[in-house]
Every structure is written in C-alpha cells, then in structure tokens.
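Here's the structure we're looking at; comments come further down.
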Amino acid sequence: MMRPSMVAAGLALMPVAASAAEGTAAAPVIPGVGAGYFVQVFLGLAVVVVGIFALLWLLKRMNRFQGGVQGRLRVIAAVPLGTRERAVVLQVGEEQVLLGVAPGRVSRLHVLNRPLEPAVSEATGENFKARLAAALGGRGKS
C-alpha cells in the first residue's frame, strides 16, 4: 500500500526525470571563469607579493640611514633578572656601562673600569651551528 506522501513526492520528481532522460539539460556555465580569469588572479597576487617585498626592502634600507650611531653602540651582554627586568652591558664608544632595564625605565647601575670582551660566538655569530647541534643533542639527525 502506497502512502499519499510517497505518491506526491513521485509526481513532483517526474519533470526532473523526464528532462534528464531527454538529455536537454545542460550544465550551468559560470560566466567569467576560465583560463584567462585564473591568469589574471595569479598575476594580481604576484603584484601584491612583489609590492610587499619591495616595501620591506625599502623600510630596511631607510632604517640604515637613521642608524648613524649604531656602529658605536653595541650590546655586549644581557642577563634576565626577572620576568621583565634585565641587566645589560652596553658599549658606548670606548666605555662600557651596566644598565638596569625594566618596563618604562632604564637606569645606569655602574660604569665598568675594565671593559668586558664579548664572546666569539656572540660577537661574530661563529660556531653557532656547532652550539645548536650540541644543544639539540643529535635529535635533528635523520
């Protein structure tokens, strides 16, 4: 025994089945989507990425002109004293100064009589690969 709701559903689907059997139904075409569209989107994205890199390069280059004192100021050592406090030894010309750095405040703690020498790995970046491998303990080997 067929229920009336099943009969109504079957009658509602008859036009769809008839048009599918005839083969007259064509796939819908989305206007504006084709190979040219994808090329246009890719080129637009490429222009944006190149623009970002050019802007970063320009900002980096502009920063060099402002840093005239940067060759004479150098951080020799820094030690964290708390979560937001640090002690920093700063080289200013020929003089070294011990500074206390906290949020919103920098205080001179001491002027060093004998200058500290920076460690080779900190000053030039040499031996970093060996120190990293020793710290990882060979975990990165495949």
Can you tell if the side chain of [X] reaches within under 4.5 Å of the side chain of [Y], non-hydrogen atoms only?
X     : Y     : answer
Ile52 : Leu56 : yes
Gln96 : Ile76 : yes
Val75 : Val88 : yes

Val97 versus Arg108, closest heavy-atom pair with distance: CG1-CG, 3.5 Å
In the single-linkage hydrophobic clustering (I, L, V, M, F, W, Y; side-chain heavy atoms under 4.5 Å), do Leu81 and Val106 co-cluster? no
Measuring from Leu109:CG to Leu98:CG, what's the distance to the nearest 0.5 Å? 4.5 Å
I need the Glu95 CD to Asn113 CG distance, nearest 0.5 Å. 9.5 Å
Take atom CD of Gln40 as the centre, draw a 6.0 Å sphere, and report whether it contains more than 12 heavy atoms from other residues, nucleotides or ligands. no
